[in-house]
Amino acid sequence: MTSIVRIMPLSGALSDGPPCQLLELDGVRILLDCGWTESFDVSLLEPLAKVAPTINAVLLSHPDIQHIGALPYAFAKLGLECPVYATEPVKQLGHLVMYDAFQARHQQEDFETFTLNDIDAVFDSVIALTYSQTAHMRDVGIKITAYAAGHTIGGSLWHIELGGEEIVFATDYNHRSERHLSSTALRTLSRPAVLITDAFNYLTRVPKRKDVVASLTKEIEATVRRNGNVLLLSNAGGRFLEVLLVLDRLRESKSKSVLSECTFALIGSEAQTMLDAVKTRLEYMSDDLVGPIQDSGQFTKVQVVSSMQQLDDLPGPKVVLVCHTGLEMGFARRLFVEWASSETNSVIFTDRPDSDTLGHKVLNGKIQRFETQFCQRVLLQGHERDAYFAAKEAEEQRRKQVEEEDQLDLDEDSTEAQQAEKDEQGKHDLTKRAKRAPQSAAFAKARKRTHLMFPFKDSFETGTFDDYGQVIDLDHFREKSVAGTTQQANAMDTTEEKEEVEVPTKIVSSPIKVEICAPIQFLDLEGRTDGEGMRRIVADVKPAKVVLVHGSEQATMEFAENLRSSTDLQLDGLEAPSVGTFVNISSQRNIYQVKLRDELVSQLAFRTAGEGEYQVAWMDASVSSQQQQLPSSPKASSSTDDGNEVDATSNAAPAATPVPSLPQLVQTTAPHPHDTVFIGDLRLSTLRELLKKQFNYSCEFRGGDLVVQDAVAVHKDASGVCVDGPVCEVYFNVRKVVYSQYAMV
């Protein structure tokens with residue numbers, strides 16, 4: 001079945017911005033990644049804000065801010081509400097990455113763009129898949145499968161299928177094996193209808209790994225000889241793991257060099273938690289690394305710290321690995337401000353920072369000195385602390401006063417209900433509320449509405465008795481005991497929460513001037529395929545169409561021109577859309593979506609085709625040029641191949657796509673009959689099995705034809721299916737079975 005497929009980049013197209021694309025399949029909208037930058041600039045999400053309520057599902061490919069950063073904000077503020085799919089490492093590490101980003105921002109400002117609760121709400125509901133596991137969006141017929149991308153642990157390529165239309169989404173992949181990751185599985189996904197990929201690294205020539213490690217070692221040794229510190233900046237979404245393994249190798253060899261005088265460290269508020277999470281996902285790592293981790297029980301022997309005080313306590317010159325290459329927040333910004341002004345130190349980027357960040361300007365030499373506000377969160381002291389607790393106490397008193405007034409209202413209503421019960425006792429099964437004397441409107445007090453209660457009846461009057469007295473139900477008391485224990489536990493938890501005293505803080509900022517004197521350089525440990533690798537992989541995959549959705553304009557145009565001129569590819573189409581532009585990437589172009597009224601649909605004679613996958617009907621109509629809206633698409637439920645059904649229902653409205661409509665025509669003459677149209681595909685092998693099963697006919701292939709009972713021959717060619725033979729019972733039975741394999745309209 002042919003589907004209408006469209007795609008619109010929301011960010012990252014013809015630029016180095018964070019990737020985010022909107023894929024539409026027959027009106028079902030799927031968001032491919034939801035990236036942001038370390039600046040968390042809300043204006044970058046304006047294209048996403050326009051379509052967020054209409055999205056039906058989200059697919060995440062990597063656990064870094066550039067691919068998942070906008071997800072908490074989109075769910076909390078933009079109305080995005082739909083299923084989110086990712087591998088387990090992307091879900092787990094992405095959760096911690098966003099935690100780390102929030103805490104880094106919170107330490108230097110009153111950050112309110114999103115909260116920890118927003119992060120929890122999104123990632124706790126992410127539907128986790130393993131590699132090669134297929135999830136079904138049943139009501140819309142879409143199947144999605146994740147495959148290894150390389151680049152980051154759990155990084156994914158996505159295979160999307162709808163009605164035989166196969167689409168592969170593959171960005172930021174790596175065809176080279178690394179120490180902690182195997183290479184991408186993209187080459188196994190051959191001949192898709194559409195390949196959605198990027199040109200981000202097309203203009204880059206990735207050096208050999210041993211050359212990069214040698215340059216890193218040389219720079220660290222030179223810095224240590226100057227008695228300086230080395231600041232290593234890496235990606236927070238998993239690339240820091242590869243850098244850690246490189247540092248481990250240097251640490252093991254430091255006894256033979258000047259490196260014995262320095263200390264290797266990783267700093268981050270969630271660094272240790274990330275490493276603990278990684279150790280539980282060995283199945284996503286390289287086989288060469290699994291054994292050593294299982295033997296030692298740890299991923300790295302580099303020291304892990306979570307505060308500046310712990311870092312300052314470490315001896316000697318330091319080689320410190322820290323995430324957030326943008327230098328916009330957290331330990332990365334603080335260490336850069338402290339160390340960059342000294343010529344003895346050095347700063348090394350192992351990943352390229354976002355283009356709208358301080359790190360990008362520093363790496364590209366656009367600034368040599370700058371002024372900034374050095375902000376940090378400190379505890380309130382003295383009269384500020386006293387004023388804070390006084391305000392909190394006053395607020396608590398007001399809250400208690402309101403609760404006491406509400407309780408008085410409840411007590412009055414309860415007393416009145418009891419009095420009414422006494423007055424009406426024996427007259428009604430339910431007590432009636434006593435009539436109250438009218439009150440003056442000026443002095444009438446608003447009362448809370450309470451529900452009437454059933455009258456109490458002593459169990460002595462209704463219980464059963466034996467020779468020893470009333471029969472005791474032990475199960476009744478056992479339930480009471482369990483309930484009492486639960487209440488006591490809840491009460492203890494509440495008490496402990498009340499005993500926790502909130503520590504008041506404030507942000508203190510001071511202007512600071514930074515002159516960059518430390519050497520700045522970039523050593524490529526990004527783990528991405530370069531331009532030569534991209535060309536070879538696309539040639540091996542052999543897609544019918546290619547869509548380039550991420551990368552600078554120069555890289556995108558050069559990659560597109562190379563693909564068009566390639567002799568190894570026979571492309572039906574190549575697209576490089578800009579942000580906010582929909583392009584049609586359907587396999588067939590002569591298909592349209594139209595809106596049909598219910599009364600018209602009820603009059604059509606539908607026939608089942610494609611093994612029950614879809615229905616077809618014939619209709620003579622005139623298409624109107626008036627544009628209308630598509631009806632609401634069905635809500636999607638999802639299940640996986642292992643039989644576990646998951647809720648994938650989107651409460652958001654579906655795509656509001658303008659479509660042509662069919663106006664009602666005034667019929668002046670009788671409709672012209674049309675030739676019967678046969679829809680379907682007959683396989684001669686299937687026909688042979690059906691004839692044997694239904695009529696026990698002898699069938700055999702002779703010269704490509706199926707011969708039945710040595711009397712009737714069935715053959716296929718470009719024009720269709722032909723049944724030859726004498727007029728007999730066998731001929732009519734064969735023709736009947738052949739017709740049953742088609743939908744005739």
Side-chain angles (χ1 to χ4, degrees), residues 1-5 132 134 141 143 145 159 161-168 187-195 538-546 566-573 586-591 605-619 672-745:
M1 177 182 177
T2 303
S3 303
I4 296 181
V5 184
S132 301
T134 299
K143 297 187 291 184
T145 310
H159 180 272
E161 183 177 355
L162 173 60
E165 195 91 5
E166 295 186 7
I167 301 170
V168 174
R187 282 193 171 95
T188 64
L189 306 177
S190 60
R191 300 186 183 278
V194 181
L195 172 63
V538 174
D540 292 342
V541 174
K542 298 185 183 302
K545 293 184 179 181
V546 174
S566 174
T567 58
D568 298 330
L569 284 174
Q570 298 296 327
L571 295 177
D572 296 336
S586 306
S587 297
Q588 302 294 333
R589 290 301 180 92
N590 297 325
I591 55 175
F606 284 96
R607 299 289 185 270
T608 302
E611 299 181 355
E613 295 179 356
Y614 53 95
Q615 293 183 319
V616 294
W618 180 278
M619 179 175 58
H672 296 286
H674 66 276
D675 295 333
T676 301
V677 178
F678 294 84
I679 300 175
D681 183 24
L682 175 67
R683 295 183 179 180
L684 295 182
S685 59
T686 303
L687 178 62
R688 180 182 63 176
E689 297 300 325
L690 291 174
L691 291 173
K692 287 183 178 180
K693 181 178 180 180
Q694 295 183 20
F695 303 103
N696 197 25
Y697 286 162
S698 61
C699 306
E700 60 181 0
F701 286 101
R702 298 177 185 174
D705 297 343
L706 179 64
V707 179
V708 184
Q709 293 289 99
D710 291 326
V712 178
V714 184
H715 66 270
K716 291 178 63 177
D717 54 26
S719 61
V721 179
C722 180
V723 180
D724 292 331
V727 178
C728 60
E729 182 181 4
V730 175
Y731 173 83
F732 288 108
N733 287 337
V734 172
R735 190 180 70 171
K736 178 181 178 182
V737 175
V738 169
Y739 282 175
S740 68
Q741 300 303 298
Y742 291 91
M744 296 182 293
V745 294

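Because the structure is a prediction, the values reported are computed rather than measured.
Scanning both residues, Ala544 and Ala193, for their nearest heavy atoms gives CB-O, 3.4 Å. Across Val677 and Trp618, no two heavy atoms sit closer than the pair CG2-CZ3, 3.6 Å. Considering all non-hydrogen atoms of both residues, Phe606 and Ala617 come closest at CD2-CB, 3.7 Å. The shortest heavy-atom contact between Leu571 and Val546 is CD2-CG2, 3.9 Å. When every heavy atom of Val168 is checked against every heavy atom of Pro192, the shortest pair comes out as CG2-CB, 3.7 Å. Nearest approach of Leu189 to Val541, heavy atoms of both residues: O-CG1, 3.2 Å.
In this structure the side chain of Leu687 reaches within 4.5 angstrom of the side chain of Val737, judged on heavy atoms. Side-chain atoms of Asp540 and Ser190, non-hydrogen and from C-beta on, never get closer than 4.5 Å to each other. Contact annotation: the side chain of Phe695 never approaches that of Gln709 to less than 4.5 Å [non-hydrogen atoms, C-beta and beyond]. Counting heavy atoms from C-beta outward, Gln741 and Leu690 have side chains that approach closer than 4.5 Å. Using a 4.5 Å heavy-atom cutoff, the side chains of Tyr731 and Val708 are not in contact. Side-chain contact between Phe732 and Val727 is present, with at least one heavy-atom pair separated by less than 4.5 Å. Residues Asp710 and Arg702 form a side-chain contact, since some pair of their non-hydrogen atoms from C-beta on lies under 4.5 Å apart.
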Which side-chain N or O atoms in residues 716-724 pair as donor and acceptor under 3.5 Å with protein atoms at least two apart or in another chain?
| unit_1 | atom_1 | unit_2 | atom_2 | d |
| --- | --- | --- | --- | --- |
| Lys716 | NZ | Asp681 | OD1 | 3.4 |
| Lys716 | NZ | Leu682 | O | 2.5 |
| Asp717 | OD1 | Ser719 | N | 3.0 |
| Asp717 | OD1 | Ser719 | OG | 2.6 |
| Asp717 | OD1 | Gly720 | N | 3.1 |

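Taking the six-membered ring where tryptophan is involved, the planes of Phe678 and Tyr739 are tilted, since the angle between them lies from 30° to 60°.
Other residues, nucleotides and ligands contribute over 12 non-hydrogen atoms within 6.0 Å of the NZ atom of Lys542. Annotation: Arg191, atom CZ; neighbour count of heavy atoms from other residues, nucleotides and ligands within 6.0 Å does not exceed 12.
In this structure, Cys699 SG and Leu691 CG are separated by 4.5 Å, a value rounded to the nearest 0.5 Å. Taking CG from Leu706 and CD from Glu700, the interatomic distance works out to 9.0 Å, rounded to the nearest 0.5 Å.
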Self-check item: Residues His159, Glu166; criterion side chain to side chain contact (heavy atoms under 4.5 Å, CB included); working and verdict
Solution: CA-CA 7 Å; His159 180 272; Glu166 295 186 7; 3.4 Å; yes
Exercise. Evaluate the criterion side chain to side chain contact (heavy atoms under 4.5 Å, CB included) for residue pair Phe701 and Leu684; output intermediate values, then yes/no.
Key: CA-CA 9 Å; Phe701 286 101; Leu684 295 182; 3.7 Å; yes
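Ion pairing of Lys545 with Asp572 is absent here, as no side-chain N (NZ or NE/NH1/NH2) approaches a carboxylate O to less than 4.0 Å.
Side-chain atoms of Ser586 come within 3.5 Å of backbone atoms of Val5 as a donor-acceptor pair (strictly under, hydrogens ignored).
The salt bridge (Lys or Arg N to Asp or Glu O under 4.0 Å) test applied to Glu729 returns no partner, not counting sequence neighbours.
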